[in-house]
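Quick notes on the structure that follows.
What you see below is based on every heavy atom in this structure, not just the backbone, and it leaves out hydrogens, waters and symmetry mates. Note that the structure is predicted; figures quoted are calculated from it, not measured.
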Amino acid sequence: MLNKLFLKSSLSLSVALMTIGANFIPTVRPAFGAERINISYGIFQRSIPIKSLELFARTGEIDEDFSAYARYVDKKELAQLRRLLLTPIPLGAVEVSQFLYTAIGQTLLERLGDVIQLESGLNGFYAIRSALIVSAAQKQGFTLLDVFRNYSSNAISINLSRTQEIAQSVQILINQTKNAIALINQESREEMGSTEVLTTGVTTRRFQVQKAIFNFNDVSRNRVINTDVYVPVASGRRPIVVISHGLGSDRTSFAYLAQYLARSGFVVVVPEHPGSNAAQLQALLSGRADTVTDPREFVDRPLDIKFVLDELTQLQDSNATLRGRLNLQQVGVVGQSFGGYTALALAGAKINFEQLNKDCPPLRSSLNVSQLLQCLAVRLPRTEYNLSDSRVKAVIAINPVGSSILGQTGLSQINIPVMIVAGSADTVTPALPEQIQPFTWLTTPNKYLALINGGTHFSTIAESPNNALPIPQEAVGASPEVSRSYIESLSFPFFQTYVAQQPSYINYLNAGYAKVISQAQLPLSLVRNITPNELQQALNGSPLSSNQ
C-alpha cells in the first residue's frame, strides 16, 4: 500500500507539478546533478534512481529498481509519465530565467519547492530555478530529465505529506467542480422544458465590412492603443461591440468574432492593451521587461477602452470610414480571461481590496493559477477607481478572472446584463471559483451562464501570428472551432437584445437555443439563474433530482 501511495500520489503528482511549473515559463552549471528521487512520508523513505527513470523514458524498459513502484500503476499512467519525462520544453535560458524572476514565477517556484525539496528537506526553490535555467541554456527543447540531471543536490526529495495535502485539494476541487457542472447541466435541461422550442439557430444579415486601423495616443498615461475598427457597410449609426483580449494575447485573437459581428451589423472595436499583450510577453521572454504585467493593468485596461470610445467620439464626424456609422451610446463589451475582468469592470464591478487582502498571497495548496495574477493588484494604491462606463449596456465575460480582484462585493454592483462563459476543463481560470460561483454573486436581473462542457481556457481563442509562445494542442483541447462557433452564436442575440435594443432576440437566450446549437464534441448548457444556496448544496454533495 505504501509503495502505491509513493508512486501514484507522489511521483506522478510531483513530476506533473514540475512539468506544470516549467510550462508556465511559458549561469553557473551545478557541480553535480541528482542521482535519485527520495520519497519520504513520516519516518518512511524510499528511493528511485534517476537512471531507472531515464532507462524507462528512453526504452520503456522497467528495471528492478523501478519495478517495485511501477507495478502499482496502470499502463495508461506509465505511458503518461513517459511522455512527461521526454516532452521538450521549447524555451531558452533567457526566456526561462526572465519568467522565473517575476513575482508570479517566484510564487510558483515556492509552491513547487514545498514538494520538490533538497536532500536536506529544505525548500527546493533555488535548486528548481537553477536546474530549469541551466537545462534551458544547454539546449532548446530541454526535458524534465534534463532538469533532474541539473538539480543541485545529490537527491530530489519529494515531501509526500505536502504532496498529499495538494492531492487532497486537487480531489476536493475536482469533486466540487463535477457537482457544480452537474447542477448547471441539470438546470439547463429543466429550463429547456419551460422555453419556446427552437428548431434552428439564429440567422443574421450579411454586410460587407470595412476595416480601419487607429493608433490612439493617451498622453496622460503614456499609452499608445493600437485599435482595429470593423465597420459594416450599412446605412445609419450602428451599435458598437468592443473586444478585450486576454493576458499575453493581442487584437488578432478574436478577429474571427470581430468579423462575424461586423458582418452581422455591429461596429466592432478591438483595442490592444499595451501592458498585457503579446508584445509585453515577448519583451519579458527576451529580457526587455521584468514583469508578466504591471498591477496597474487592472486599472489601465478599462481606461484603455474608455479612452478609445472617447477618441472615436471625436473622430466619428471627421473620418470618412466612421462618419455617420457609430452609435456610441449603445456599446457592448466582450472580453476573455483578463479581458473578461476588463468587461466586468466596465460593467460596474469594483476592485475589492478587502477580498484581495483575504486571498493574497494565494494559499499554498490553491490550484487556482489565476489568483497569481489577481494578487498582483494588492500593490495598487488603495483608492476608489472609476472604471465603469455608462455607455456600456451589456457585457460578455469569457473565462474571466474575478474571484479575488472583484469578489462578491464588487460583482454585486453590476446592474446591466451580463453573460459569463465557462469551460469545464479550464485549468487557468478554473470554472468553479472563477465563473460559476461568481455568477451566483451577480444581482443584475439579466444574467446568463454558458458552460462549454470540455472547453478549456484557450478553446475560444484563435491562433495569433504574434504569439510569444505556441499553445500546445493539449491546452487548447478538442474542437476549438466548436467553442468559437458558440461565442458567435451567443454573442449576436445577446448584443442584439441588450445593446441594439431588439427584444425579439431574447428568444435565443435560453437553454432551448443552447440545445439547438450544441454539438456532441463539446456540449453546451445555458442557465439564467443558480442561487448561492443551490450551488452550495451541490458542492456539499447533496443529491440532485432523479432527472440528472
Point to revise | For Gly454 against Ala425, the heavy-atom pair lying closest together | key: O-CB, 3.8 Å
Review point. Do the non-hydrogen side-chain atoms of Ile398 and Phe254 ever get within less than 4.5 Å of each other?
Key: yes
Exercise for review: Spell out, as yes or no, whether a donor-acceptor pair under 3.5 Å connects the side chain of His273 to the backbone of His245.
Suggested key: no
Review point. Hey, are Gln437 and Gln176 close enough side-chain-wise for a donor-acceptor pair under 3.5 Å?
Key: no
Check your understanding: Quick check: does any side chain N or O of Ser157 sit under 3.5 Å from a backbone N or O of Leu118, one acting as donor and the other as acceptor?
Key -> yes
Practice item. Please determine, by modelled atom types, if Thr429 and Asn399 share a side-chain donor-acceptor pair under 3.5 angstrom. Key: no
**Study point:** Val401 side chain near Glu434 side chain, heavy-atom distance below 4.5 Å
**Key:** yes
Practice item. Could you tell me whether the side chain of Asp294 and the main chain of Glu297 form a donor-acceptor pair under 3.5 Å? Key: no
Review point. Would you say the side chain of Leu247 lies within less than 4.5 Å of the side chain of Ser337, judging by non-hydrogen atoms?
Key: no
**Study point:** Euclidean distance, Ser459 OG relative to Gln336 CD, rounded to 0.5 Å
**Key:** 9.5 Å
Exercise for review: State plainly whether the residues Arg149 and Asp146 are in salt-bridge range, i.e. N to O under 4.0 Å.
Suggested key: yes
Check your understanding: Do the non-hydrogen side-chain atoms of Gln374 and Ser370 ever get within less than 4.5 Å of each other?
Key -> yes
Check your understanding: Is it true that Asp304 and Arg221 make a salt bridge, defined as a side-chain N closer than 4.0 Å to a carboxylate O?
Key -> yes
Check your understanding: If you measure from CD on Glu272 to CG on Asp250, what distance do you get to the nearest 0.5 Å?
Key -> 5.0 Å
Practice item. For the pair Ser412 and Ile414, evaluate side chain to side chain contact (heavy atoms under 4.5 Å, CB included) and give the outcome as yes or no after the intermediate values. Key: CA-CA 6 Å; Ser412 65; Ile414 297 176; over 6 Å; no
Review point. So with a 6.0 Å cut-off around OH of Tyr385, is the heavy-atom count from everything else above 12?
Key: yes
Review point. Heavy-atom distance under 4.5 Å between the side chains of Leu442 and Ile420, does that happen here?
Key: yes
Study note, to complete from the structure: dist Leu86:CG -> Thr143:OG1 (nearest 0.5 Å) comes out at 6.5 Å
**Study point:** Closest non-hydrogen atom pair between Gly335 and Ala343, with its separation
**Key:** N-CB, 4.2 Å
**Study point:** OH on Tyr486 to CG on Leu522, rounded to 0.5 Å
**Key:** 6.0 Å
Exercise for review: Evaluate the side-chain proximity of Ile351 to Ile405: yes if any heavy-atom separation is below 4.5 Å, no if none is.
Suggested key: yes
Review point. Atom CG of Leu449 and atom CD1 of Ile184: how far apart are they, to the nearest 0.5 Å?
Key: 4.5 Å
Review point. Checking side chain to side chain contact (heavy atoms under 4.5 Å, CB included) against Leu387, which of Leu303, Asp300, Leu344 comes through?
Key: Leu303
Review point. Could you go step by step and tell me if Leu81 and Phe56 meet the side chain to side chain contact (heavy atoms under 4.5 Å, CB included) rule?
Key: CA-CA 10 Å; Leu81 172 60; Phe56 168 67; 4.2 Å; yes
Point to revise | Minimum heavy-atom distance between Ala377 and Phe353, given as atom pair plus value | key: O-CE2, 3.8 Å
Review point. Got a donor-acceptor contact below 3.5 angstrom from the Asn352 side chain to the Leu406 backbone?
Key: yes
Exercise for review: Say whether, by atom type as modelled, one donor and one acceptor occur between the side chain of Glu35 and the main chain of Ile50 under 3.5 angstrom.
Suggested key: no
Exercise for review: Report yes or no: does Arg36 contribute a side-chain atom to a donor-acceptor pair with the main-chain N or O of Ile156 at less than 3.5 Å?
Suggested key: no
Review point. Are side-chain N/O atoms of Ser404 and Gln355 paired as donor and acceptor at under 3.5 Å?
Key: no
Point to revise | Test item: Thr443 side-chain N/O and Gln413 main-chain N/O as donor-acceptor pair under 3.5 Å | key: no
Review point. Do Asp65 and Ile48 come close enough that some side-chain heavy atom pair is under 4.5 Å?
Key: no
Review point. Is any side-chain heavy atom of Thr342 less than 4.5 Å from a side-chain heavy atom of Phe298?
Key: no
Check your understanding: Ser403 and Gln371: which non-hydrogen atoms are nearest, and at how many Å?
Key -> OG-NE2, 4.4 Å
Point to revise | Expected output: side-chain Ser47 to main-chain Asn38 donor-acceptor under 3.5 Å | key: no
Review point. Regarding Arg301 and the six-membered ring of Phe338, is the cationic atom NZ or CZ under 6.0 Å from the ring centre and inside 45° of its axis?
Key: yes
**Study point:** Atom of Pro400, atom of Ala397 and distance for their closest heavy-atom approach
**Key:** CD-O, 3.6 Å
Practice item. Rounded to the nearest 0.5 Å, what's the gap from CD1 on Ile436 to CD1 on Ile530? Could you check? Key: 7.5 Å
**Study point:** Backbone of Leu173 reached by a side-chain donor or acceptor of Thr177 within 3.5 Å
**Key:** yes
Revision key, fill the gap. Smallest heavy-atom separation, Val527 atom then Phe439 atom, equals O-CZ, 4.1 Å
